[in-house]
Amino acid sequence: MKIIMLGAPGAGKGTQAKMLADKYAIPHISTGDIFRANIKNGTELGKKAKEYMDQGLLVPDELTCDLVVDRVKQEDCKNGYILDGFPRTIPQAECLDAALTEMGEKIDFAVNVEVPDENIVNRMSGRRACVACGATYHIVHIPTKVEGICDRCGKELILRDDDKPETVTKRLNVYHEQTQPLIEYYTKKGVLVEVDGTKDMNDVFNAIVEILGK
Ligand code: AP5
């Protein structure tokens, strides 16, 4: 099963993508995580991506498309994958479609996790992320057992640089301008499904599984 997660920054795409990847035993591919890993490792890609991410802007398509197309061609993707945070622009979607057509494949579902803007800033300021293993928490909704420490790997949690309120507002504007048009794009392709992302994360997960199939 090939799935795309759509939704505003902080809608819960990453949270759901990780749960779905476990359930369907397919890789979770997050462009945000790939860029953050490159930043952490000080690569050229990481240095370029950081300039845009810190401002709440999208990393240019030319740095993003080939990276994802190469990734979905890998052996572990042959039974499907979940794309989290990609595509984010119409040109990215067209680039993915062109590559999939060449491979004789197509996307099965584009899952739009809907959360109004007013809920987002609160979610982002409460998010804590583990840079070591990629796990995410929320200080109120999804707390860790020990404050500030990752349940999964025991490393320290951080507030992401781009989760500061002023950057979140910018990211929301960028989302409405550049990413929201993908909802119509995938509706026209007949693969869009929508879920209410304001519910408890397990309810959101169950609603998605209900649509995708057990
Ligand atoms: P990326 O890492 O993809 O960030 P994003 O899309 O802005 O999404 P987030 O990770 O912020 O949120 P999410 O929807 O995954 O929510 P989460 O599950 O964490 O991208 C970062 C940056 O990289 C971009 O701004 C851009 O610069 C660049 N980039 C990445 N991909 C790119 C691309 N394709 N092209 C160009 N640039 C790209 O949940 C949020 C919080 O809410 C957490 O604390 C979570 O615990 C909590 N939560 C989740 N679900 C619930 C729930 N149901 N109820 C209550 N709390 C919940």
Side-chain angles (χ1 to χ4, degrees), residues 1-24 26 28-33 53 56-58 64 68 80-94 96-97 106-129 134-142 160 162-165 167-214:
M1 187 149 40
K2 299 179 185 68
I3 305 165
I4 289 171
M5 300 302 293
L6 295 175
K13 303 179 297 292
T15 302
Q16 296 302 325
K18 284 170 200 151
M19 294 163 81
L20 292 166
D22 280 349
K23 173 163 179 66
Y24 296 114
I26 50 180
H28 166 216
I29 303 170
S30 156
T31 38
D33 285 351
M53 290 169 74
L57 299 172
L58 294 183
T64 310
V68 176
Y81 44 80
I82 304 184
L83 295 178
D84 166 15
F86 182 94
R88 246 183 165 92
T89 62
I90 297 284
Q92 288 184 13
E94 289 171 346
L96 177 66
D97 275 348
K106 64 176 187 53
I107 292 298
D108 299 299
F109 295 101
V111 180
N112 184 33
V113 182
E114 280 190 303
V115 175
D117 286 8
E118 48 271 30
N119 298 27
I120 297 281
V121 178
N122 162 32
R123 275 202 188 177
M124 307 295 249
S125 58
R127 172 163 57 187
R128 295 294 178 273
T136 50
Y137 304 90
H138 189 280
I139 51 174
V140 178
H141 306 300
I142 307 164
R160 269 168 47 179
D162 60 349
D163 278 353
K164 294 178 184 126
T167 315
V168 171
T169 306
K170 175 80 188 173
R171 286 164 67 195
L172 277 171
N173 291 339
V174 168
Y175 166 76
H176 290 301
E177 277 167 26
Q178 299 191 52
T179 307
Q180 211 168 10
L182 292 174
I183 294 175
E184 193 186 337
Y185 182 93
Y186 286 109
T187 301
K188 283 188 181 150
K189 291 196 169 286
V191 295
L192 189 90
V193 298
E194 304 205 75
V195 290
D196 178 356
T198 63
K199 301 250 165 65
D200 173 86
M201 70 171 194
N202 291 314
D203 294 339
V204 180
F205 176 69
N206 290 334
I208 298 174
V209 170
E210 197 63 43
I211 299 168
L212 270 51
K214 317 232 176 207

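- Nearest heavy-atom pair across Ala11 and Ile120 is N-CD1, 4.0 Å.
- At least one side-chain heavy atom of Leu57 sits less than 4.5 Å from a side-chain heavy atom of Val174.
- At least one side-chain heavy atom of Thr136 sits under 4.5 Å from a side-chain heavy atom of Lys18.
- For Lys170, the NZ atom sits in a loose shell: 12 or fewer heavy atoms of surrounding residues, nucleotides or ligands are nearer than 6.0 Å.
- At a threshold of 4.5 Å between non-hydrogen side-chain atoms, the residues Met124 and Arg171 count as touching.
- Taking 4.5 Å as the limit, some side-chain heavy atom of Asn202 sits within range of a side-chain heavy atom of Met19.
- In this structure, the side chains of Tyr185 and Asp97 come closer than 4.5 Å at one or more pairs of heavy atoms.
- Val68 places none of its side-chain heavy atoms less than 4.5 Å from the side chain of Gln92.
- Heavy-atom contacts from other residues, nucleotides or ligands closer than 6.0 Å to CD of Gln180 number more than 12.
- With values rounded to the nearest 0.5 angstrom, Ile3 atom CD1 is found 4.5 Å from Leu212 atom CG.
- Remark: the backbone N or O of Asp163 is not paired with any side-chain donor or acceptor of Arg127 at under 3.5 angstrom.
- Residues Asp117 and His176 bring a donor and an acceptor atom of their side chains to less than 3.5 Å of each other.
- Side-chain contact between Val115 and Arg123 is present, with heavy atoms from C-beta onward closer than 4.5 Å.
- Put simply, OG1 on Thr89 and CD on Gln178 are 7.0 Å apart, with the number rounded to the nearest 0.5 Å.
- In this structure, Ile4 and Val111 have side chains that are not in contact, with every pair of non-hydrogen atoms separated by 4.5 Å or more.
- Environment of NZ in Lys199: sparse, with no more than 12 heavy atoms of neighbouring residues, nucleotides or ligands closer than 6.0 Å.
- In Glu94, the CD atom is crowded: over 12 heavy atoms of neighbouring residues, nucleotides or ligands sit closer than 6.0 Å.
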